[in-house]
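In what follows, residues are counted from 1 in the order of the sequence shown.
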Amino acid sequence: MSKQPEFTFAHTGLNVKDRDATAAWYEKNLNMRIVRSVPGAMHFLADPTGRVILEIYSNESAPMLDLGATHFLTLHLAVLTETPKETEAQLQKAGAVTVDPYKITGAGDELIMMRDPFGLGLQLIKRKEPMF
């Protein structure tokens, strides 16, 4: 047994140009909910399980990633869906674009790679076998 203290994942943070628009898009289109906000600074969004938290903030004192220039395999947010093709169509109507079309992986997972309207890679995935 490790002598390291137990750690629990807290959140992943993204420094983006427009925190309010980004948080609103994720809330409206990916079934996330804002669980905490610091006005003028940041929003914390939770997935429906409440166990995955995404911090969206705008801090001009730190470099912001050029998400549109970052390859989607280098950085992406993966979301589970039972209906990848239908979810793709809904997200396209909301401003996302497909960058790598539907495929089935060697493990049998169904994948579609998109970019949200702000440039972040967004992976739609239907797992053949749950991770846990």
Side-chain angles (χ1 to χ4, degrees):
M1 179 125 180
S2 170
K3 293 183 180 184
Q4 295 292 327
E6 290 188 28
F7 292 103
T8 301
F9 184 82
H11 68 269
T12 295
L14 288 175
N15 193 16
V16 300
K17 292 179 183 175
D18 190 339
R19 70 182 165 271
D20 296 332
T22 303
W25 192 89
Y26 276 78
E27 188 174 37
K28 181 178 180 181
N29 297 290
L30 289 182
N31 200 23
M32 297 182 89
R33 63 187 170 91
I34 295 175
V35 294
R36 181 179 296 170
S37 288
V38 177
M42 68 194 67
H43 302 287
F44 291 89
L45 293 104
D47 78 334
T49 71
R51 68 178 182 86
V52 177
I53 306 289
L54 182 63
E55 178 188 10
I56 303 291
Y57 61 98
S58 300
N59 185 335
E60 293 181 7
S61 68
M64 291 185 192
L65 291 173
D66 183 350
L67 295 172
T70 303
H71 196 282
F72 59 85
L73 293 178
T74 299
L75 176 65
H76 62 270
L77 181 66
V79 294
L80 295 170
T81 176
E82 287 299 312
T83 57
K85 292 178 182 178
E86 290 85 356
T87 302
E88 175 188 30
Q90 291 171 342
L91 293 178
Q92 286 173 336
K93 289 177 185 172
V97 296
T98 302
V99 294
D100 196 21
Y102 176 86
K103 68 176 83 171
I104 298 178
T105 69
D109 297 336
E110 298 176 48
L111 297 177
I112 299 172
M113 293 299 299
M114 303 185 79
R115 285 195 185 278
D116 72 14
F118 314 98
L120 179 62
L122 184 60
Q123 182 183 71
L124 308 181
I125 186 166
K126 179 179 179 182
R127 295 260 185 231
K128 181 177 180 184
E129 298 290 330
M131 296 288 266
F132 54 92

message = Test side chain to side chain contact (heavy atoms under 4.5 Å, CB included) on Leu91 and Leu124; report intermediate values, then the result.
response = CA-CA 10 Å; Leu91 293 178; Leu124 308 181; 3.8 Å; yes

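- Cluster annotation: Val38 is connected to Ile53 through the hydrophobic network of ILVMFWY side chains, with a link wherever side-chain heavy atoms come within less than 4.5 Å.
- Once rounded to the nearest 0.5 Å, the distance linking CG of Leu77 with CE of Met114 reads 13.0 Å.
- The backbone N or O of Leu14 lies less than 3.5 Å from no partner atom in the side chain of Arg19, so there is not a single donor-acceptor pair.
- Note: Arg115 CZ to Thr70 OG1 = 7.0 Å, rounded to the nearest 0.5 Å.
- Using a distance-only test at 3.5 Å, with no hydrogens or angles considered, a donor-acceptor pair links the side chain of Thr81 to the main chain of Thr83.
- Within the model, atoms CE of Met113 and CD of Gln123 stand 5.0 Å from one another, a figure rounded to the nearest 0.5 Å.
- Judged as a side chain to side chain donor-acceptor pair (under 3.5 Å), the pairs with a partner in residues 89-105 (not counting sequence neighbours) are, in order, Glu88-Thr98, Gln92-Thr98, Asp100-Lys103, Tyr102-Glu110.
- The side chain to side chain donor-acceptor pair (under 3.5 Å) check on Arg33 picks up nothing, with sequence neighbours excluded.
- Contact check for Trp25 versus Leu30: side-chain heavy atoms found under the 4.5 Å cut-off.
- Here the side chains of Phe118 and Ile56 are not in contact, with every heavy-atom distance at 4.5 Å or above.
- For the atom pair CD1 of Ile125 and OG1 of Thr87, the computed distance is 12.5 Å after rounding to the nearest 0.5 Å.
- In this structure, CE in Met32 is found 13.0 Å from NE2 in His43, a value given to the nearest 0.5 Å.
- With a 4.5 Å cut-off on side-chain heavy atoms, Ile112 and Pro101 do not count as touching.
- Here the side chain of Asp116 pairs no donor or acceptor atom with the backbone of Ala96 at under 3.5 angstrom.
- Of all heavy-atom pairs spanning Lys128 and Ala107, the tightest one is CD-O, 3.6 Å.
- Atom CD1 of Ile104 is separated from atom NZ of Lys126 by 9.5 Å, given to the nearest 0.5 angstrom.
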